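One structure is given below, encoded as structure tokens.
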Amino acid sequence: MPYVDRQNRICGFLDIEENENSGKFLRRYFILDTREDSFVWYMDNPQNLPSGSSRVGAIKLTYISKVSDATKLRPKAEFCFVMNAGMRKYFLQANDQQDLVEWVNVLNKAIKITVPKQSDSQPASDSLSRQGDCGKKQVSYRTDIVGGVPIITPTQKEEVNECGESLDRNNLKRSQSHLPYFAPKPPSDSAVIKAGYCVKQGAVMKNWKRRYFQLDENTIGYFKSELEKEPLRVIPLKEVHKVQECKQSDIMMRDNLFEIVTTSRTFYVQADSPEEMHSWIKAVSGAIVAQRGPGRSSSSMRQARRLSNPCIQRYTSRAGECSTYVGSHANVPS
């Protein structure tokens, strides 16, 4: 799902048909920056790329005239939507239907353009009325010719709808929803609880690499990719003291960062969205509680009951009591 990063930009992964009419969609990381009037995409989250890495593509928001569902235009491309930009149509694929709806809404809200219907006889340069859920508002527009195509842009900023939009930036802030951001292939092993890609920090070089993580009833391991059979490392759950959102994310300049604290090392792992981060925290914490079985302590029992609550809690090391997201953990030398 799209989310708001620390720079107040809307971000997330999508698949895009970079070569027009090729039918080949490539996964890219998109950033919608209204302050820079641009919609750009990279090979991966720039936080995971070498410093100074260039973007793969970019579109000025003023060139985008409409964003809409493309199910009828591309019936074979699931969760597909289209951006009309000048003489080019950009087809993109979302992760699911909800992701599609949210991206279409935030993009249309960002461009703030109402395209006149073909039947409209009124010139595009005249003032066009824009209808909101709570009434009408007059907004003036101007027409520019870009590449032989008329591009309609507003000449004044539109005031915020008093009743609000169905989807705004506040609704995109670190949701506690646990819907998976990735939809990986169903694992063949029924004991696997959760699997998917995250980015982790190396123990020696402190570089960040994308790895395929897999959680089962007793361990959490990571692979070079989902095609690999042998894991790069396996962490027994009995060695994991806690898993929680990382408060050092501000120092590391990382969004959606959580930590797996073990006896010998703290693993720093970055998910691709707030939803996915919370999903991993809940899954690993639940697996740890389940592994302890009937003989677990009273504090573990309290933890198990609290984990059933959608709101993920943290626990202090003193008495297992619930606390708010407090404290940070230094990386233990490996």
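Numbering of residues begins at 1 and proceeds along the displayed sequence. The structure displayed is predicted, hence computed values, not measured ones.
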Set of residues satisfying salt bridge (Lys or Arg N to Asp or Glu O under 4.0 Å) with respect to Arg211, sequence neighbours excluded
none
Between CG of Leu215 and CD1 of Ile220, what distance do you get to the nearest 0.5 Å?
5.5 Å
Roughly how far, to the nearest 0.5 Å, is the CG atom of Asp96 from the CD atom of Glu102?
8.5 Å
Residues passing the side-chain contact (heavy atoms from CB on, under 4.5 Å) test with Lys24, sequence neighbours excluded, are Ser22, Leu26
From the list Glu276, Met277, His278, side-chain contact (heavy atoms from CB on, under 4.5 Å) partner of Trp280 resolves to Glu276
Partners meeting side-chain contact (heavy atoms from CB on, under 4.5 Å) with Ala77 (sequence neighbours left out):
Phe25, Arg74, Cys80, Gln93
Salt bridge (Lys or Arg N to Asp or Glu O under 4.0 Å) involving Glu228 - partner list, sequence neighbours excluded:
none
To the nearest 0.5 Å, what is the distance between CZ (Arg254) and CH2 (Trp208)?
5.0 Å
Rounded at 0.5 Å granularity, tell me how far CG in Leu14 sits from CG in Asn95.
7.0 Å
How would you list, by chain and number, every residue that makes a side-chain contact (heavy atoms from CB on, under 4.5 Å) with Asn45, sequence neighbours excluded?
Tyr3, Tyr29, Gln47, Asn48, Gln270
Determine whether the side chains of Gln244 and Glu259 contain a donor N or O and an acceptor N or O closer than 3.5 Å.
yes
Test salt bridge (Lys or Arg N to Asp or Glu O under 4.0 Å) applied to Glu20 - qualifying residues, sequence neighbours left out:
Arg88
Backbone N/O of Val67 and side chain of Asn108: donor-acceptor pair under 3.5 Å:
yes
Sorted by chain and number, sequence neighbours left out, salt bridge (Lys or Arg N to Asp or Glu O under 4.0 Å) with Asp44 holds for Arg210
Sequence-distant partners of Trp41, ring-ring contact (aromatic ring centres under 6.0 Å, His included), two or more places apart
Phe30
Residues forming a side-chain contact (heavy atoms from CB on, under 4.5 Å) with Thr71, sequence neighbours excluded
Asp69
Hydrophobic cluster partners of Met253 (side-chain heavy atoms under 4.5 Å)
none
Is there any ring-ring contact (aromatic ring centres under 6.0 Å, His included) pair reaching into residues 65-95, and which pairs are they, with sequence neighbours excluded?
none
Looking at OG of Ser225 and CG of Leu232, how far apart are the two atoms once the value is rounded to the nearest 0.5 Å?
9.5 Å
Among all residues two or more places apart in sequence or in another chain, which pass the ring-ring contact (aromatic ring centres under 6.0 Å, His included) test with Tyr222?
Phe213
d(Leu100 CG, Asn105 CG) to nearest 0.5 Å is 9.5 Å
